[in-house]
Amino acid sequence: MSMFTAFDINATGMTAERFRMDTISQNVANANTTRTEDGTPYRRKIVVFKEKNSPTHFHQILMKENERFAGNGVKVTGVYEDTKTEGNMVYDPSHPDADENGYVMYPNVNIITEFTNLIDASRAYQANSTAFAASKNIATMGLNMMKG
């Protein structure tokens, strides 16, 4: 394993978590958006991660284990709309997007869930940052030992 592998792993983790925090911020900012460009309420977005260069077939998995290659980091595989969670129907007949019964369909964004996810992403980012700093300190100590 290269000295820089740990840096690569932590850097991809920090990048992915920052993207996740940006997506959560977008969800919070659109929590009351009742009409998007296509005329529907905003739908909550979810970020999905996957191990970078992860094998998909049994042979690839076996080869990876035989080589004992450790650590590739993570990558964002996509941002998907949450279609399983329903939006909130609120009675507000004065709202411009109210239906004929006076109900408005609000986005499926739950602020408590979003802030919980934001704390989770923030702590994961912080953990990667701490691990990156520890790897940097170890590398620096190793280089200082070589100086004499």
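Along the sequence shown, residues are numbered consecutively beginning with 1.
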Student: Which atoms form the tightest heavy-atom contact between Asp120 and Arg20, and what is the distance?
Tutor: OD2-NH2, 2.8 Å
Student: Starting at OG1 of Thr33, measure out to OH of Tyr42 and round the result to the nearest 0.5 Å.
Tutor: 8.0 Å
Student: Given the rule that I, L, V, M, F, W and Y join up when any side-chain heavy atoms are under 4.5 Å apart, are Met21 and Met14 in one cluster?
Tutor: yes
Student: What do you reckon, is CD1 of Ile112 surrounded by more than 12 foreign heavy atoms closer than 6.0 Å?
Tutor: no
Student: So, Asp82 side chain and Thr85 main chain: donor-acceptor pair closer than 3.5 Å or not?
Tutor: yes
Student: Do you see a donor-acceptor pair shorter than 3.5 Å between the side chains of Asn101 and Tyr91?
Tutor: no
Student: What heavy-atom pair brings Ser135 and Ala6 nearest, and what distance separates the two atoms?
Tutor: OG-CB, 3.5 Å
Student: Determine the interplanar angle of the Phe132 and Phe7 rings, folded into 0 to 90°, and report it as parallel if under 30°, tilted if 30 to 60°, perpendicular if over 60°.
Tutor: tilted
Student: Going only through I, L, V, M, F, W and Y residues with side-chain contacts under 4.5 Å, is there a path from Val74 to Ile9?
Tutor: no
Student: Look up atom NZ in Lys84 and atom CZ in Arg44, then write down how far apart they are to the nearest 0.5 Å.
Tutor: 11.5 Å
Student: Please walk me through it: do Glu86 and Asn108 pass side-chain contact (heavy atoms from CB on, under 4.5 Å)?
Tutor: CA-CA 6 Å; Glu86 290 296 319; Asn108 60 346; over 6 Å; no
Student: With rounding to the nearest 0.5 angstrom, report the NZ to CG distance, Lys136 to Asn10.
Tutor: 12.5 Å
Student: Between Ser129 (side chain) and Tyr125 (backbone), is there a donor-acceptor pair under 3.5 Å?
Tutor: no
Student: Say you draw a straight line from CG of Asn117 to OG1 of Thr23; how long is it, rounded to the nearest 0.5 Å?
Tutor: 11.0 Å
Student: Kindly check if the number of other-residue, nucleotide or ligand heavy atoms within 6.0 Å of CZ (Phe49) is above 12?
Tutor: yes
Student: Do the side chain of Asn27 and the main chain of Lys45 share a donor and acceptor less than 3.5 angstrom apart?
Tutor: yes
Student: Would you say Phe115 ends up clustered with Ile24 if hydrophobic residues are merged whenever their side chains have heavy atoms under 4.5 Å apart, either directly or through other cluster members?
Tutor: yes
Student: Using the rule given for side-chain contact (heavy atoms from CB on, under 4.5 Å), can you reason through Thr15 versus Arg18, listing the C-alpha separation, both sets of side-chain angles and the distance that settles it, and then say yes or no?
Tutor: CA-CA 5 Å; Thr15 302; Arg18 178 163 179 189; 5.9 Å; no
Student: If you round to the nearest 0.5 Å, how far is CG of Asp92 from CG of Asp99?
Tutor: 11.0 Å
Student: Quick one: pull up OG1 in Thr130 and CZ in Arg123 and give me the separation to the nearest 0.5 Å.
Tutor: 12.5 Å
Student: Please give me the minimum heavy-atom distance between Pro41 and Thr36, naming the atom from each residue.
Tutor: C-CG2, 4.1 Å
Student: So, does Thr12 use its side chain to make a donor-acceptor pair with the main chain of Lys75 at under 3.5 Å?
Tutor: no
Student: With distance as the sole test, does Asn88 use its side chain to make a donor-acceptor pair with the main-chain N or O of Tyr106 at under 3.5 Å?
Tutor: no
Student: Do the side chain of Ser122 and the main chain of Leu118 share a donor and acceptor less than 3.5 angstrom apart?
Tutor: no
